[in-house]
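Written out below as C-alpha cells is the structure these notes cover.
Model, not experiment: these values are computed from the prediction.
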Amino acid sequence: MTLRVFTSEPLAPATEIVLDREESHYLTRVRRAGVDDMLEVLDGAGSLATARLLDADPRRVRVLLTQVLVVPPAEPLELALGLPEPSATLDAITHACEAGATAISLVRCQRSHAATPGAGRIEKVVRAALRQCGCPRPPEIRGPVDLDAWLAERDNGVFAWPDVRSEVTPLPRLEHLDRRVLVGPEGGLTEDEGRRAAVSGLSPIGLGPWVLRTPTAVVAALTRLRFG
C-alpha cells in the first residue's frame, strides 16, 4: 500500500512541510518509513502531493513536496446509514469511503442500535479509509437524524429492501444530485419504514439473493448506484 499521510499545511511543489506528531508517529512507527521513502500527502480538501521523506523523527517528520495534484470533486453519492451497532457502523463508514460516497447521513431507524460512535472515532476511521484508498477529500458526515427528518428533505433516490432481494430490480432514472441510497440497520427497515420511504419518493432496490450484513449491503448498494 502506498504511504499516505495528512497535513493541514498548504501544498505547493518544491516546498518542505512538517507533519504533526500523530502523522509523524504513524509514518515512522506504524509504517516504518525511512529517509528518502516516497509518499503521498493529502490535505483533506481535494489536493494531494507526492513527497520525499527527509527525516524519520517520530515527533516531527519533514517531507519535501515534489508534485501537487488537485482532484476535482466527485459526483454526488449519498449513503443514508440506518445505524447498526457501533462496530458495524464504523465498518460501514469505512466501506462507504472506499466506495466513493461523498456524503454519509447517520439515520435513526426503529431497529437502529441505541449507541452511536463518537465524532472523534468516526474521524479516525474516515482518515484510515482515505489512507487506504487514496481519496483526498473525505465525505461529509451528517447526523444522527431521525428517519422521517431525513426523508422530509429528499424526494428521490433508492432504498435497500429485502422483499426484492431475489429480483433483478432496475435502478430508477436518477438526476445528478439524486444519487442516494438508504440502507437499514441489522434486521433492515420495518414494513412501515419501507412504506414511508416509498411515499417520500424513494424506490426499493434488491441487492442480490442473500441477506447481507449492513456493511456489506452498503458496498453493494453504493456500487449499484455508482456503476449501475
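- Expressed to the nearest 0.5 Å, how far CZ of Arg213 lies from CG of Asp91 amounts to 6.5 Å.
- Checked by atom type and distance alone, the side chain of Asp43 pairs as donor or acceptor with a backbone atom of Ala45 at under 3.5 Å.
- Screening residues 55-65 for side-chain hydrogen bond (donor to acceptor under 3.5 Å, both in side chains) gives Glu16-Arg62, Asp55-Arg62, Asp57-Arg59 as the qualifying pairs, with residues at least two apart or on separate chains.
- Using a 4.5 Å heavy-atom cutoff, the side chains of Pro185 and His113 are not in contact.
- Under the 4.0 Å criterion applied to side-chain N and carboxylate O atoms, Arg154 and Glu78 are assigned as salt-bridge partners.
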N/O donor to acceptor pairs below 3.5 angstrom from side-chain atoms of residues 116-127, sequence neighbours left out:
from, atom 1, to, atom 2, distance (Å)
Thr116, OG1, Arg108, NH2, 3.1
Arg127, NH1, Glu23, OE2, 3.0

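- Follow the hydrophobic side-chain contacts under 4.5 Å out from Leu90 and you never reach Val219; the two are in separate clusters.
- When each of Val183, Leu189, Ile205 is checked for a side chain to side chain contact (heavy atoms under 4.5 Å, CB included) with Phe159, only Leu189 meets the rule.
- Atoms CD and CZ, on Glu75 and Arg179 in that order, are 5.0 Å from each other to the nearest 0.5 Å.
- Checking side-chain atoms of Thr102 against main-chain N and O of Pro76 turns up no donor-acceptor pair under 3.5 Å.
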(request) Determine, stepwise, if the pair Leu151 / Val199 fulfils side chain to side chain contact (heavy atoms under 4.5 Å, CB included). (result) CA-CA 9 Å; Leu151 290 173; Val199 168; over 6 Å; no

Donor-acceptor contacts under 3.5 Å from residues 63-74 side chains, at least two apart:
from, atom 1, to, atom 2, distance (Å)
Thr66, OG1, Thr50, O, 3.1
Thr66, OG1, Thr50, OG1, 2.6

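- Put simply, the side chain of Ser112 never gets that close to the backbone of Pro84: no donor and acceptor are under 3.5 Å apart.
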Donor-acceptor contacts under 3.5 Å from residues 5-12 side chains, at least two apart:
from, atom 1, to, atom 2, distance (Å)
Thr7, OG1, Glu9, N, 3.1

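- How far CG of Leu81 is from SG of Cys109: 8.5 Å, rounded to the nearest 0.5 Å.
- Taking every heavy atom of both residues into account, Ser47 and Pro136 meet most closely at O-CB, 3.7 Å.
- Put simply, NE2 on His95 and OG1 on Thr216 are 6.0 Å apart, with the number rounded to the nearest 0.5 Å.
- In this structure, SG on Cys135 lies 10.0 Å from CZ on Arg4, to the nearest 0.5 angstrom.
- The OH atom of Tyr26 sits 7.0 Å away from the CG atom of Leu3 when rounded to the nearest 0.5 Å.
- Shown here are the side chain to side chain contact (heavy atoms under 4.5 Å, CB included) partners of Arg29, two or more places apart in sequence or in another chain: His25, Arg32, Pro58.
- Residues Leu83 and Pro144 share a closest heavy-atom pair of CD1-CB, 4.0 Å.
- Listed for the Arg142 side chain is no donor-acceptor partner under 3.5 Å among the backbone atoms of Ser105.
- The shortest non-hydrogen separation linking Val181 to Ala221 is CG2-CB, 3.7 Å.
- Both Ile141 and Leu222 are assigned to one and the same hydrophobic cluster, defined by single-linkage of ILVMFWY side chains at heavy-atom distances under 4.5 Å.
- A distance-only check finds no donor-acceptor pair linking the side chain of Glu40 to the backbone of Thr2 [under 3.5 Å].
- Across all their heavy atoms, Leu77 and Ala99 have their closest contact at CD2-O, 4.1 Å.
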(request) Go through Arg111 and Glu186 one step at a time and tell me if the side chain to side chain contact (heavy atoms under 4.5 Å, CB included) criterion holds. (result) CA-CA 7 Å; Arg111 292 172 176 153; Glu186 306 294 356; over 6 Å; no

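- The two residues Cys97 and Leu130 have their closest heavy-atom pair at CB-CD2, 4.5 Å.
- Smallest separation of non-hydrogen atoms from Arg224 and Gly206: NH1-O, 3.0 Å.
- Partners of Ala56 according to the side chain to side chain contact (heavy atoms under 4.5 Å, CB included) rule, which considers only residues two or more places apart in sequence or in another chain, are Thr28.
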